[in-house]
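First listed ligand is number 1; within each ligand, the first listed atom is number 1. Side chains included, hydrogens not; waters and symmetry mates left out as well; all remaining heavy atoms used.
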Amino acid sequence: MYRKILIVLILAVACKPKQTESCALEPALYQLSDFPIGCAVDLNQREFNPTYARLLGQQFNQLSPENIMKPEHIHPQANYYHWSDADSLLSYCQKELKSLHGHTLIWHQQLPPWMEDFKGTEVEWEAMFKDHIQSICRHFKGKVRAWDVVNEAFNEDGTLRNSIWKQHLGAAYIEKAFRYAHEADPDALLFYNDFNLALNPKKRAAVLSYLKNLKQRGVALDGIGLQMHISIAFPENRAIESAFQDFSKAGFLVHISELDISVNPYGGTFQASADIWERQAQKLASVIGLYKQINDSKQYGITFWGLSDADSWIPSAFNREDYPLLFDGDYQAKAAYCKMKESL
Ligand code: XIL
């Protein structure tokens with residue numbers, strides 16, 4: 001009887017689709033890489049979850065704040081900037097010798113209500129916009145490696161999104177944002193950041209030609225953030241390659257700025273299997289391989305949008321089960337993590 005139970009148990013363990021993979025955590029990801037390896041940081045997790053903090057500190061050498069530098073958090077009232085959370089992340093980065101990637105100055109989401117409801121002439125709007133950008137850039141002057149100056153300004157059809165910024169300042173707000181940021185911190189690298197630039201060639205072409213034009217006109221614009229919220233099913237590797245090549249050949253630094261690889265992109269019931277984790281690992285290996293093909297001088301770095309599957313924004317934002325990151329919900333390395341180490 002006991003033998004039977006034992007055999008059933010052994011079979012059950014052996015057949016359970018395993019998500020975690022055993023490969024050493026050291027050397028760490030960033031130690032294997034020629035370019036920075038980043039992670040979006042959740043402030044509460046870093047401060048209150050020791051497992052999270054240990055793994056984050058060990059594996060990554062560049063951090064992006066997931067939320068605490070966004071307008072609603074850092075500029076919650078017209079005459080008040082809330083610096084303490086971002087300052088605490090900055091001092092952690094300085095102490096641990098990690099670079100800090102500022103995210104994000106101008107966006108249409110996560111705005112404080114006072115900003116969305118702002119009433120004023122075009123001149124007053126521009127003064128408010130300039131004060132927002134320059135107060136933040138001056139506060140962190142010389143301390144952040146780069147800023148995502150403008151985030152997600154384009155629609156999927158390649159036209160400009162009708163954000164409050166476009167409505168009140170016109171299309172020129174993009175150029176103005178870069179000029180103001182550069183004036184306040186001339187040493188910070190400045191990025192335009194957006195999603196679906198690999199998946200959607202129409203959007204990619206529109207963004208590329210817009211940015212080239214700004215650059216030709218002398219705007220301090222150093223790079224493109226390709227968010228890369230992708231999946232095991234799409235985009236095709238050829239599209240990813242085109243995105244990396246198009247922007248790097250046009251002279252822009254390329255930041256894979258918000259990488260996650262969905263295993264359940266269409267939603268619905270999710271069935272875990274060893275094959276799924278392998279496909280996720282393979283997709284990541286392809287992304288890294290293609291990124292390494294661009295000129296070294298254009299490789300700004302790769303940032304994952306979260307540490308473990310328990311920290312990912314995807315399940316709540318899209319209301320679906322998903323496991324898009326390198327570590328599982330118990331902070332154990334997945335096949336993708338091990339594959340990444342072979343690919344770097
Ligand atoms: C997401 C965060 O991960 C969530 O915690 C938050 O609730 C919403 O924003 N594009 C971006 C990121 O540029 O700032 C977004 O981050 C994800 C999409």
Nearest-contact summary for [atom] - protein heavy atom, Å:
atom	value
atom 6 (C) of ligand 1	Asn67 OD1, 3.4 Å
atom 8 (C) of ligand 1	Gln110 OE1, 3.3 Å
atom 3 (O) of ligand 1	Glu66 OE2, 2.4 Å

* Asked: Just checking, is any N or O donor in the side chain of Asn295 or Lys249 under 3.5 Å from an acceptor N or O on the other one?
  -> no
* To do: Verify whether one side chain among Asn200 and Arg204 offers a donor that lies under 3.5 Å from an acceptor in the other.
  => no
* Counting only N and O atoms by type, is there a donor-acceptor contact under 3.5 Å from the side chain of Ser135 to the main-chain atoms of Asp131? -> yes
* Asked: Are the side chain of Asp311 and the backbone N or O of Ser308 linked by a donor-acceptor pair below 3.5 Å?
  -> yes
* Mind checking whether Phe270 and Tyr323 have ring centres under 6.0 Å apart? -> yes
* Asked: Are Phe129 and His168 an aromatic pair by the rule of ring centers under 6.0 Å?
  -> no
Find all atoms of ligand 1 within a distance of less than 4.0 Å from any non-hydrogen atom belonging to [X], and give their numbers and elements.
X	value
Glu152	10 (N), 11 (C), 13 (O), 18 (C)
Lys70	1 (C), 2 (C), 9 (O), 12 (C), 14 (O), 15 (C), 16 (O)
Trp107	14 (O)
His103	11 (C), 12 (C), 13 (O), 14 (O)
Glu258	10 (N), 11 (C), 12 (C), 13 (O), 17 (C), 18 (C)

* To do: Would you mind reporting whether Phe244 and Leu226 have side-chain heavy atoms less than 4.5 Å apart?
  => yes
Using a 4.0 Å heavy-atom threshold (strictly under), name the region of [X] that reaches ligand 1: side chain, backbone, both or neither.
X	answer
Gln109	neither
Asp148	neither
Trp305	side chain
Asn151	side chain

* Val287, Ile288, Thr303 screened by side-chain contact (heavy atoms from CB on, under 4.5 Å) with Ile256, the one that passes -> Val287
* Does Phe252 have Lys215 sitting over its ring (NZ/CZ under 6.0 Å from centre, angle to axis within 45°)? -> yes
* Asked: Considering distance alone, does some N or O of Trp313 sit under 3.5 Å from an N or O of ligand 1?
  -> no
